[in-house]
Each structure stands twice: as structure tokens, then as C-alpha cells.
Amino acid sequence: MQSRFGNTPSIIHRIYFFNIHKETIFQIYDDTGCDLLSTKPDSIRDIYERYNHWIP
């Protein structure tokens, strides 16, 4: 995996944050992005609306 910070190799990691109350999972997959998953769309709707301009 190539980091966007030059030719320095990246460390591959799998880190997940679980919120059992909101039923969400947040995963940072590399230095360019993350995934936010939910069983209930309403629990992440405010994040989607606030940061929609960040979504490619």
C-alpha cells in the first residue's frame, strides 16, 4: 500500500470503532478516507448532511 505522503510505506491496519447505542461502525481505512456504517440511516443522517461535500 502506498501512502500519499511520498514513498514511505504505509502500515496496514484494521481499526473499527463500534457504537452499540447508535448501532454504528466507523473504520479509518487509510490516510485518505474512512467508512461509516449504520443499521439505522437516521443515526448518521446529520453527519451525512454536514460533511456531504467530503463524499466523492
For residues 48-56, dump all side-chain donor-acceptor pairs below 3.5 Å to protein atoms at least two apart in sequence or in another chain.
none

task = Compare all side-chain heavy atoms of Thr24 with those of Ile44 and state whether any distance is below 4.5 angstrom.
result = yes
task = Only counting residues at least two apart or in another chain, list the ones meeting side chain to side chain donor-acceptor pair (under 3.5 Å) with Asp42.
result = Arg45
task = Report the distance from atom NZ of Lys40 to atom NZ of Lys22, rounding to the nearest 0.5 Å.
result = 11.0 Å
query = Once you round to the nearest 0.5 Å, how far does CD1 of Ile47 lie from CZ of Phe26?
reply = 8.5 Å
ask   = Could you walk me through whether Phe17 and Ile25 pass the side-chain contact (heavy atoms from CB on, under 4.5 Å) check?
value = CA-CA 6 Å; Phe17 296 94; Ile25 301 171; over 6 Å; no
message = Return the CD to OG distance between Glu23 and Ser43, rounded to the nearest 0.5 Å.
response = 7.5 Å
